[in-house]
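To start, the structure itself, in structure tokens.
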Amino acid sequence: GILAVESFTTDAEFLQCASPSLGARKFALPQVRGIIFATTGSHAARQRCFDAVLRDDARGGAHADRDRLVTTGDDELTGTVTSIDFRGIALETSLGPVVMELAKAAYLVFNPALAAPAPKNPGVRTLVGLHDGSLLACSAVAEDGDRVQLKLAHAEEPADAPPWHVGRSQ
């Protein structure tokens with residue numbers, strides 16, 4: 001899925017972000033396919049960034065074992081991202097370390113060889129946040145009186161699995 005965030009940082013293992021709808025979250029990098037930085041400009045330019053991050057063939061080819069950073073000028077850098085923060089994107093390339101200003105970055109596709117496998121049964125998912133900070137990926141969420149009914153979106157879930165019932169929090 002796609003998550004719009006207001007701020008984020010990364011280290012070698014996690015993307016930490018703040019979302020208006022989900023609050024502060026921490027995602028393991030193998031769960032993150034990429035980051036789109038350039039969200040201004042024409043609709044076609046934004047769509048090109050989304051397509052490049054989401055398409056399978058954008059993660060393949062000659063650079064399938066490295067992170068790929070594309071600038072707003074369509075220049076491409078490959079290597080290993082070591083950090084992302086307000087100073088920019090730090091990338092270890094074959095020519096040495098590079099720090100790219102965030103304002104000059106269009107999008108970043110993380111190394112597909114390190115990505116978690118895509119779900120076997122893709123489809124619409126709803127992330128439900130619980131009080132302990134965990135998230136449940138659900139294929140369906142329904143209100144049933146004073147209860148909420150959740151159908152977990154798990155690739156190995158049997159088709160006839162019963163839904164979870166969660167009491168409404170006060």
Side-chain angles (χ1 to χ4, degrees), residues 1-129 133-139 141 153-155:
I2 297 173
L3 177 64
V5 299
E6 292 181 358
S7 63
F8 68 93
T9 60
T10 66
D11 57 29
E13 296 181 37
F14 294 98
L15 170 84
Q16 299 169 21
C17 60
S19 161
S21 58
L22 296 174
R25 292 284 173 229
K26 186 175 181 179
F27 297 96
L29 284 181
Q31 300 295 327
V32 181
R33 298 293 189 250
I35 300 173
I36 299 169
F37 301 97
T39 57
T40 59
S42 72
H43 173 73
R46 284 192 309 273
Q47 191 61 47
R48 194 176 76 240
C49 291
F50 281 102
D51 290 345
V53 171
L54 296 177
R55 268 192 339 246
D56 287 341
D57 62 325
R59 296 189 302 266
H63 308 298
D65 62 344
R66 294 177 239 155
D67 299 325
R68 188 166 59 100
L69 174 64
V70 178
T71 68
T72 54
D74 285 330
D75 293 322
E76 194 170 297
L77 298 167
T78 59
T80 302
V81 172
T82 55
S83 69
I84 304 173
D85 59 25
F86 68 93
R87 293 180 296 264
I89 304 156
L91 188 71
E92 186 63 43
T93 71
S94 60
L95 300 174
V98 173
V99 177
M100 175 67 59
E101 294 175 43
L102 290 178
K104 293 181 180 178
Y107 62 90
L108 169 67
V109 179
F110 287 112
N111 180 346
L114 302 177
K120 293 177 187 173
N121 186 12
V124 176
R125 303 283 193 261
T126 300
L127 291 179
V128 177
S134 61
L135 296 174
L136 290 176
C138 299
S139 59
V141 178
H154 192 273

* Structure fact -> Looking only at heavy atoms, the pair that brings Val32 and Phe110 closest together is O-CD1, 3.5 Å
* What distance separates Thr10 OG1 from Ile89 CD1, expressed to the nearest 0.5 Å? -> 9.0 Å
* Determine the minimum heavy-atom distance between Cys17 and Phe27, stating which atoms define it. => SG-CE1, 3.7 Å
* Asked: Would a distance-only check, ignoring hydrogens and angles, find a side-chain to backbone donor-acceptor pair under 3.5 Å from Asp67 to Asn111?
  -> yes
* Drop me the distance from Thr9's OG1 to Lys26's NZ, to the nearest 0.5 angstrom. => 9.5 Å
* **Side-chain heavy-atom pair Ile35, Leu15 within 4.5 angstrom cut-off** => yes
* **Pairing residues for Glu101 by the salt bridge (Lys or Arg N to Asp or Glu O under 4.0 Å) criterion, not counting sequence neighbours** => Lys104
* To do: Please identify each residue that fulfils side-chain contact (heavy atoms from CB on, under 4.5 Å) with Ala103, with sequence neighbours left out.
  => none
Got a list of side-chain donor-acceptor pairs under 3.5 Å for residues 79-88, not counting sequence neighbours?
{"unit_1": "Thr82", "atom_1": "OG1", "unit_2": "Ala90", "atom_2": "O", "d": "3.3"}
{"unit_1": "Asp85", "atom_1": "OD1", "unit_2": "Arg87", "atom_2": "N", "d": "2.8"}
{"unit_1": "Asp85", "atom_1": "OD2", "unit_2": "Arg87", "atom_2": "NH2", "d": "2.5"}

* Structure fact -> When rounded to the nearest 0.5 Å, the distance separating OG1 of Thr71 from CE of Met100 is 6.0 Å
